[in-house]
Amino acid sequence: MSMLTDTAVVAKRNVIKIKRVPEVLVFVLLSPIMFVLLFAFIFGGAIDVPGSNYKEFLIAGIFAQTVMFGATFTGVGIAEDMQKGIISRFRSLPMHPSAVLAGRTGSDVIYNILSLLIMSLTGLLVGWSIHSSVPQAVLGYVLLLLFAYAFSWVMAYIALIVPSVEVINNASFMVIFPLTFIANTFVPLETLPGPLQVFAEWNPISAITQATRELFGNLPPGAQVPDAWSLQNPILYSLIWIVIIFVIFAPLAVLRYKKLGRK
Amino acid sequence: MSNAVEVQGLVKTYNKGEIKALKGLDLVVPQGKVLGVLGPNGAGKTTAVSILSTLLIPDAGQGVVAGYDLLKEPNKVRENIGLSGQFAAVDEILTGFENLHMFGRLYGMSNSEATARANELLAMFNLTDAGNRPAKGYSGGMRRRLDVAGALVARPQVIFLDEPTTGLDPQSRLGLWKTIRQLVADGASLLLTTQYLEEADHLADSIVVIDHGEEIAAGTADELKTQLGGDRVELTLTPGQSIEDAKSALAQFASGEIQVNEEDAQLLFPVDGGTTTLTRVLNELESKNIETIDAGLRRPTLDDVFLSLTGHTAEGDLIEKEEAADETEVV
Ligand SMILES: Nc1ncnc2c1ncn2[C@@H]1O[C@H](COP(=O)(O)OP(=O)(O)O)[C@@H](O)[C@H]1O
Ligand SMILES: [Mg+2]
């Protein structure tokens, strides 16, 4: 009971911050718009996707990359709270030990919902659309959000170990860029050189992207799906990753939080 | 009644033992009393408060805070303490009200209880008008008051204030002193750290002086002063008066050596008996026709205590801080 109320109280505080510091929100929303436009108009003509139009192909990839970056906000928020002594102050209260982290990761889902919304609208403007049913499309969005949510626990854990905004930003760039580029996000897998192609096939980002494309109906009829099991069963493979990441990093982060007193 | 805080042998090192922040500190705060922990920068005050408020686990040592074992029942301890850390940890984006309301909820109050308590505290700390503005715009004094208010949300039995008035302008400091005295009058037990000797003298029932993680003296302000030989009489003779005559006339009153400053015609000597002795000293001089320009009783300040105990004064820090405080906005 106290776990739920405490989490809700912390989440409410973070939501107030989203409302009061609209600059952050503008940044969160502008960069995905920029990404959609840049890729659609600059690379759109250069990258050839067999049997498909690049904008249809692109959007799911951009969604996957953007929600990954959304998780960075979780890390940055926790690092700031650590530096400002807010986390210490929370720790002096009789709170449930997972509430601060659960409240933060929970409220940060809002950033990703908003950025998915904005990106979808921008996508519609540049000629992308969903060709599947409503439940399938909803499942696509939910899968993206779940993956981002699980990944935000990784960032929470990192932020508790290294509470520095700069380090969090750099670390997330170093992890997110390779993960999201050595994948099927922006180019078809077949265009990648051999060893990278194997990595890309099993990269969870590829599976998330593949699953989202399927669920949005953005794959051309009869499109070739690579042989790898991960991409033949992208929804299942994505869910496996979501569960693994969450089951490992949520307890790790909470444990780390509990041990902050042992410096 | 048992003590509000009773800890023994606190040891804490940082950087894998390189920095010894506490070297076996004992602290006791009797129920309803104020303990002042006095020490210069780096003495270990914040480390001690962090351990007592369960934020930090000591390498060694144990104790009871608000009736619960510090190490075995930290969550019970948290339910019964209030903390205002050295650096006011108010959430700048939230308003004063929202900060206090959030704490109330996290202490397990209902929404309406938390609202009532937040408004009550805003009024008590003179923040009602600012209560609906984000704390970002608050002055240093207002932030500190909000932070102390936050420590009181759950009406804790035991309160920890880590350097509550450092960096405040004199007016805000006096205001906070008044509030602190009120808290204690209402029955709370308080542990307060400070670098201000005057502050410990003013607020604390008893004082522990620490330096380099160790207690170097303890007692009431009066006891600490007595350690230095109690009161002293300071006299300045009218020019032309014989210092030797005065010295021999005064020998009977001095409880120690009479120090003489020939140049300024000043005499300084320790006495027992305070103002009564001063009167007798003046009568004696008058009967001997020895005239004085100035005569007075000088009580040793805590600065003197500090200097004699640690070999360095805390005054240097104090002056810097007060200059910094002058720049902060007056509230
Ligand atoms: N997190 C930390 N890591 C390393 N050293 C620390 C840390 N916190 C405090 N210290 C050191 O421990 C000593 C005591 O610090 P502190 O308890 O903050 O003293 P005070 O509050 O009296 O100024 C100082 O030498 C300080 O530099
Ligand atoms: Mg300190």
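Every heavy atom of this structure was used, including side-chain atoms; hydrogens, water molecules and symmetry mates were not. By convention in this document, chain letters (A, B, ...) are assigned in the order of the sequence lines, proteins followed by strands, and residues within each chain are numbered from 1.
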Rounding to 0.5 Å, atoms CZ (Arg105(B)) and CE (Met95(A)) come to a distance of 12.0 Å

Of the backbone (N, CA, C, O) and the side chain (C-beta and beyond), which part of Asn15(B) lies under 4.5 Å from a heavy atom of chain A, both, or neither? neither

Mind checking what makes salt bridge (Lys or Arg N to Asp or Glu O under 4.0 Å) contact with Lys76(B), not counting sequence neighbours? Glu79(B)

Quick check: closest heavy atoms across Arg78(B) and Arg91(A), and the distance to 0.1 Å? NE-O, 3.0 Å

So which of Phe103(B), Tyr14(B), Phe87(B) has the biggest tally of heavy-atom pairs under 4.5 Å with chain A? Phe103(B)

Which one, Lys12(A), Arg13(A), Lys259(A), Lys84(A), leads in non-hydrogen pairs under 4.5 Å with chain B? Arg13(A)

Is Lys16(B) in contact with chain A via its backbone, its side chain, both, or neither, using a 4.5 Å heavy-atom distance? neither

Any chance NZ of Lys23(B) has more than 12 other-residue heavy atoms, nucleotides or ligands included, within less than 6.0 Å? yes

Based on non-hydrogen pairs under 4.5 Å, which of Val153(B), Leu56(B), Ile51(B), Thr13(B) is most in contact with chain A? Leu56(B)

Taking every heavy atom of Ser92(A) against every heavy atom of Leu83(B), the minimum-distance pair comes out as CB-CD2, 3.8 Å

Which atom names give the shortest non-hydrogen contact between Arg89(A) and Ala89(B), and what distance separates them? CB-CB, 4.2 Å

Count the heavy-atom pairs under 4.5 Å between each of Leu55(B), Asp147(B), Asn75(B) and chain A, then report the option with the highest count. Leu55(B)

Of all the residues in residues 90-99 of chain B, which have a heavy atom that comes within less than 4.5 Å of a heavy atom in chain A? Val90(B), Asp91(B), Glu92(B), Ile93(B), Leu94(B), Thr95(B), Glu98(B)

If you measure from OH on Tyr107(B) to CG on Leu93(A), what distance do you get to the nearest 0.5 Å? 5.0 Å

